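Notes to accompany the following structure.
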Amino acid sequence: MAEDEEIYDFSTIEKKWQEFWERENTFRAEDQSSKPKYYALDMFPYPSGAGLHIGHPEGYVASDILARYKKACGFNVLHPMGWDAFGLPAEQYAIKTGTHPSVTTQANVDNFRRQIKSIGFAIDWEREINTTDPGYYQWTQWIFLKLFQRGLAYVDEKPVWWCPNLRAVLANEEVVDGKSEVGNHPVERRNLRQVVLRITAYAEKLLAGLDDLDWPDSTKRQQKAWIGRSEGAEVHFEIEASGEKLTVYTTRPDTLFGVTYMVVAPEHPLLSQLVISEKKQEVDDYVLASAKKSDLDRTDLAKEKSGVFTGSYCINPVNGEKVPIWVADYVLISYGTGAIMAVPAHDERDHEFAENFGIEIRQVIAHPDEDKEKGTLPYSGPGVMVNSGKYNGLEANICKSKIIADLEANGVGKGAVNYKLRDWIFSRQRYWGEPIPLVWVSAENYQKAKVIDGSLKDLIPENAVTTVQNGQILYALPIPSSELPLKLPEVENYQPSGTGESPLATISEWLEVWFDLETGKALSQTEPKPNGENWVTASRETNTMPQWAGSCWYHLRYIDPKNSEHLVAKDKEAYWQGPDFYIGGAEHAVLHLLYARFWHRFLYDEGVLANPEPYKKLFHQGLILGEDGNKMSKSVGNVVNPDLVIDAYGADSLRLFEMFLGPLEAVKPWSEKGIEGVHRFLRKVNRECRRSNKHLNGEETNKETLKVLHETILKVTDAIEDLRFNVAISQMMILINHLQKVESYSIDTAKILLQLLAPFAPHLAEELWQSLGEKPSIVNQPWPKARIELLVAEEITIVFQVNGKLRGQGQFPKEIDKDTVISAAKADTKVQSFLEGKEIVKEIYVPGKLVNLAVKG
RNA sequence: GCCCGGGUGGCGGAAUUGGUAGACGCGCCAGAUUUAGGAUCUGGUAUCCGUGAGGAUGUGGGGGUUCGAUUCCCCCCCCGGGCACCA
């Protein structure tokens with residue numbers, strides 16, 4: 001036997017077929033096709049300097065298997081790849097070395113592309129996108145302009161992390177335990193001017209849209225919790241001294257009679273007028289102290305509740321009682337109205353506070369269990385109302401709506417809905433991000449812009465977006481889409497400006513412009529002012545967009561990546577719609593997936609898109625841990641480099657093993673020995689397919705082989721559909737083990753095995769397919785169909801149980817009747833030994849499976 | 001604290017409209033082949049008792065439903081994830 005033929009030379013094979021696919025454009029997705037479409041999408045990577053991590057391919061392989069399988073099933077498949085390439089690391093590297101982030105990014109992208117290509121994915125590389133490409137981010141900016149036009153973007157002072165030592169704004173993830181990640185310096189909260197997107201306007205739609213999505217339940221639940229819808233009422237309490245209204249939000253209007261004090265947040269606008277002069281010093285000290293507290297301190301539940309009485313009272317609208325008003329930092333200014341009515345008997349937090357300060361605790365909901373009534377406060381469950389005037393005796397839950405109606409009738413409140421969701425801080429004080437296409441002008445010029453006919457006029461939102469700078473109110477004007485992309489200027493220094501502004505603020509020739517109120521054209525003020533009265537002075541917005549921006553809509557750009565006229569052409573969008581499958585890490589359960597839904601829904605509402613939801617079916621692959629069971633990390637030294645794995649075992653082995661590790665969604669450790677196992681399997685396939693002396697022409701004749709083969713077709717097909725790739729692989733192993741044992745088998749059998757294997761180990765499958773005399777590419781062959789009728793054996797095994805325990809078994813023809821089987825079971829010598837001296841009380845027969853004799857005595 | 005997900009051999013994991021627990025792979029043991037190693041092949045491998053045939057136990061722990069439970073119900077323990085004063 002020619003030993004050489006059996007060698008599995010994966011390096012040569014993989015190179016050969018990767019070149020073939022590229023040359024033949026095997027995986028080009030057709031925009032005009034009569035075939036049904038299938039769009040498999042991976043969360044695109046941030047191309048880091050560290051290169052591809054072993055965790056990246058896990059999801060990519062999964063989507064690739066689906067893509068190749070669907071292609072075999074006759075679909076026109078789109079499986080694209082691109083780069084989420086704006087972001088901090090490239091900028092930090094630039095600060096350190098002076099290398100322009102675009103240079104770093106390009107090098108990283110090249111490396112990522114090389115690595116991803118080496119794994120042999122069925123990717124249409126003609127559709128590659130890059131969020132830092134002006135041809136791409138021009139559309140990111142275009143979407144922003146739409147949001148701005150519709151009043152969904154505004155500017156506000158918002159607290160951010162500020163590091164005085166670094167003189168820089170830090171992102172949440174750059175702050176570890178109240179210190180800067182770089183240099184370990186103390187950080188503080190500081191208010192900075194931010195561009196904010198009004199995602200809260202979409203809270204209801206984002207919540208309702210979840211119902212129709214085929215997403216992991218846990219992810220839907222997380223989004224639901226994040227949006228945090230609650231129903232209740234706003235109630236107005238009249239302030240005794242001034243007659244003004246203090247409005248609170250409550251989900252428990254049924255406990256209004258149990259209110260014994262009120263609390264306003266330290267930042268509440270009415271606080272200063274509530275404080276009586278004797279209390280002023282104490283309250284001022286308290287407000288100052290809580291302002292200094294970090295978020296962490298303020299949300300520490302273990303902390304004792306603190307607060308100060310303001311000296312003022314208000315009137316409970318349901319019973320006219322005088323209620324003291326306190327200030328306490330356990331009430332948040334950012335939720336509801338920033339003020340609460342406190343019901344210590346039925347709210348844990350209020351109860352704790354009331355006990356601290358000796359405030360009355362008045363029960364108004366009876367505990368349903370009479371005996372437990374004492375000592376079980378606070379009680380927040382359902383019950384009958386007590387101490388509540390005319391509502392006494394009513395079921396509290398049912399009474400809520402009645403009370404709300406009464407409040408409304410009396411003009412002292414109304415039903416209200418609240419969300420935990422906050423507006424989205426959309427600006428970063430950074431260089432390496434999409435410039436925000438706005439300029440700032442004076443009030444006078446703004447008024448002019450609103451009346452001048454031109455491309456600008458219609459893009460201006462109904463309500464002006466303003467900011468205060470050096471005591472002057474400035475107005476935001478959009479840079480119209482005709483002037484996009486607004487490119488990042490070159491900068492000499494990537495250091496933050498030191499004032500908390502972006503490095504862009506330091507480039508005055510970019511910052512200060514002549515701006516044409518008619519056309520939206522801008523020209524640096526280093527140039528002479530153009531003629532025409534519509535040219536005014538303006539300064540550019542210096543903030544850039546967050547990394548989320550580019551990833552909010554990239555799934556659309558793959559459909560039409562080179563379109564310079566539109567974000568995506570209507571006909572292409574109509575054909576491709578959106579991804580049929582989207583895979584990525586669960587860490588994006590909320591932010592990316594919520595932001596992307598927001599933008600997509602907005603574009604749908606604007607008539608740009610035909611569908612409201614971007615990702616119909618979503619899946620999260622699980623984490624791959626190091627061999628030691630810990631998270632892979634450089635410092636632990638347990639990182640597996642995919643390049644080295646491919647060198648040693650080949651891309652096919654890597655692909656196969658990532659899928660064989662365990663369930664796709666599970667967290668599972670890597671294993672060097674394990675990859676040897678699947679590599680061995682591929683070698684077996686290679687060897688069997690090259691043993692021509694075992695191959696027979698014509699159809700498979702061995703019944704046993706035929707049965708295993710069709711069982712394998714069935715199981716592999718079902719397993720792929722269910723994303724249970726580990727099961728599919730083990731079934732193929734069963735088949736090859738069988739083929740190895742039989743003397744000979746039909747060459748067709750080998751070919752079918754290769755077709756089943758092709759989505760998992762495409763290079764080897766192509767090579768062997770060709771060596772068996774077929775024409776490439778195997779990906780264009782129709783998927784094999786299982787013949788179910790072959791799976792039913794003529795003889796079936798039926799097991800005998802006594803009291804549910806296995807005691808024997810027998811072979812029967814498949815059309816056997818119950819009585820025959822039961823008598824056979826009773827006649828079995830082993831079964832008999834367990835029946836001896838006992839009485840059979842029940843005989844159970846599960847057709848074709850088992851007999852169970854229940855005995856007594 | 002609250003809300004999820006999970007706990008099956010030495011290891012990764014199969015098996016659920018309730019019906020032979022441990023497929024497949026790894027590791028390990030024995031054997032074949034080989035000058036040797038590697039590679040490959042064959043057989044074995046949950047635990048305990050037993051020379052053996054065989055028996056008992058066994059899917060985190062306890063209880064329940066059932067002829068029969070990894071699967072359904074109740075309580076508890078452990079691990080992982082998310083949220084965290086949201087009124």
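The figures here come from the full heavy-atom set of this structure, side chains too, leaving out hydrogens, waters and symmetry mates. In the text below, chain A, chain B and the rest are named by the order of the sequence lines, each starting its count at 1. Only a predicted model underlies this, so the values are computations on that prediction, with no experimental measurement involved.
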Mind checking [X] for me? I need base, sugar-phosphate or nothing, with any heavy atom below 4.0 Å counting as a touch.
X      : answer
A/S671 : nothing
A/K741 : sugar-phosphate
A/I340 : base
A/S230 : sugar-phosphate

In whole Å, what is the span from the [atom1] atom of [X] to the [atom2] atom of [N]?
X      : N     : atom1 : atom2 : result
A/D628 : B/C11 : CG    : C1'   : 14 Å
A/E352 : B/A87 : CD    : P     : 17 Å
A/I227 : B/C3  : CD1   : P     : 20 Å
A/Q223 : B/C83 : CD    : P     : 12 Å
A/D217 : B/C4  : CG    : P     : 11 Å
A/I736 : B/U40 : CD1   : P     : 14 Å
A/L623 : B/G6  : CG    : C1'   : 15 Å
A/D350 : B/A87 : CG    : P     : 12 Å

Roughly how many Å apart are [M] and [N], using the [atom1] atom of each and rounding to a whole number?
N     : M     : atom1 : answer
B/U71 : B/U59 : C1'   : 10 Å
B/G63 : B/G25 : P     : 38 Å
B/G9  : B/U70 : P     : 14 Å
B/A56 : B/C2  : C1'   : 44 Å
B/G10 : B/U47 : P     : 6 Å
B/G81 : B/C49 : C1'   : 43 Å
B/C77 : B/C67 : P     : 32 Å
B/C24 : B/U42 : P     : 13 Å

Does the structure show a Watson-Crick or G-U wobble partner for [N], both distances under 3.5 Å? Name it, or say none.
N     : answer
B/C11 : B/G25
B/U57 : B/A46
B/C41 : B/G31
B/U66 : none
B/C2  : B/G82

Report task. Look at the rings of A/Y261 and A/F353 and say which category their plane angle falls in: under 30° parallel, 30 to 60° tilted, over 60° perpendicular. Result -> parallel
Just the table, please: protein N/O against nucleotides 46-56 of chain B N/O, every pair under 3.5 Å.
unit_1, atom_1, unit_2, atom_2, d
B/A56, OP2, A/R807, NH1, 3.2

Query raised in the report: Is the closest side-chain heavy-atom distance between A/R690 and A/L768 below 4.5 Å?
Result: yes
Query raised in the report: Between A/R655 and A/P57, is any pair of side-chain heavy atoms under 4.5 Å apart?
Result: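 With C-beta onward as the side chain, the pair stays apart.
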Does the side chain of [X] come under 3.5 Å of the side chain of [Y] through a donor N or O and an acceptor N or O?
X      : Y      : answer
A/T255 : A/H346 : no
A/Y249 : A/S230 : yes
A/Y845 : A/D819 : no

Report task. Could you check if the base of B/G80 is syn or anti? Syn means the glycosidic torsion is within 90 degrees of 0. Result ->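 This nucleotide is in anti.
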Report task. Could you go through the salt bridge (charged side-chain N to carboxylate O under 4.0 Å, His left out) check for A/K668 and A/E58 one step at a time? Result -> CA-CA 11 Å; A/K668 56 240 162 193; A/E58 192 189 6; 2.6 Å; yes
So which protein N/O to nucleotides 15-25 of chain B N/O distances come out below 3.5 Å?
unit_1, atom_1, unit_2, atom_2, d
B/A15, OP1, A/R724, NH1, 2.9
B/A15, OP1, A/R724, NH2, 2.6
B/G19, N2, A/N852, ND2, 3.2
B/G25, OP1, A/N737, ND2, 3.1

Output a table of donor-acceptor pairs, distance under 3.5 Å, between side-chain atoms of residues 723-731 of chain A and any protein atom two or more places apart or on a different chain; print 'none' if there are none.
unit_1, atom_1, unit_2, atom_2, d
A/S730, OG, A/N726, O, 3.4
A/S730, OG, A/V727, O, 2.9
A/Q731, NE2, A/T712, OG1, 3.1

Requested in this report: Would you tell me if any nitrogen or oxygen in the side chain of A/R683 comes within less than 4.0 Å of OP1 or OP2 on B/U40?
Outcome: yes
Query raised in the report: For RNA chain B, whose closest nucleotide is more 5', that of A/R229 or that of A/Q222?
Result: A/Q222
Requested in this report: Show the numbers, then the answer: is there a salt bridge (charged side-chain N to carboxylate O under 4.0 Å, His left out) between A/K838 and A/E836?
Outcome: CA-CA 5 Å; A/K838 310 214 167 133; A/E836 220 160 287; over 6 Å; no
Requested in this report: Go through the steps to decide whether A/Y745 and A/H738 satisfy the test ring-ring contact (aromatic ring centres under 6.0 Å, His included), and finish with yes or no.
Outcome: CA-CA 10 Å; A/Y745 48 85; A/H738 173 83; 8.7 Å; no
**Report entry** salt_bridge(A/K694, A/E688) N-O dist < 4.0 Å
**Finding:**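 Counted as a salt bridge, because a side-chain N and a carboxylate O are separated by less than 4.0 Å.
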Report task. Establish, for the pair A/R807 and A/F834, whether the NZ or CZ atom is under 6.0 angstrom from the six-membered ring centre and no further than 45 degrees off its axis. Result ->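 Because its charged atom sits under 6.0 Å from the ring centre and within 45° of the axis, A/R807 does stack over A/F834.
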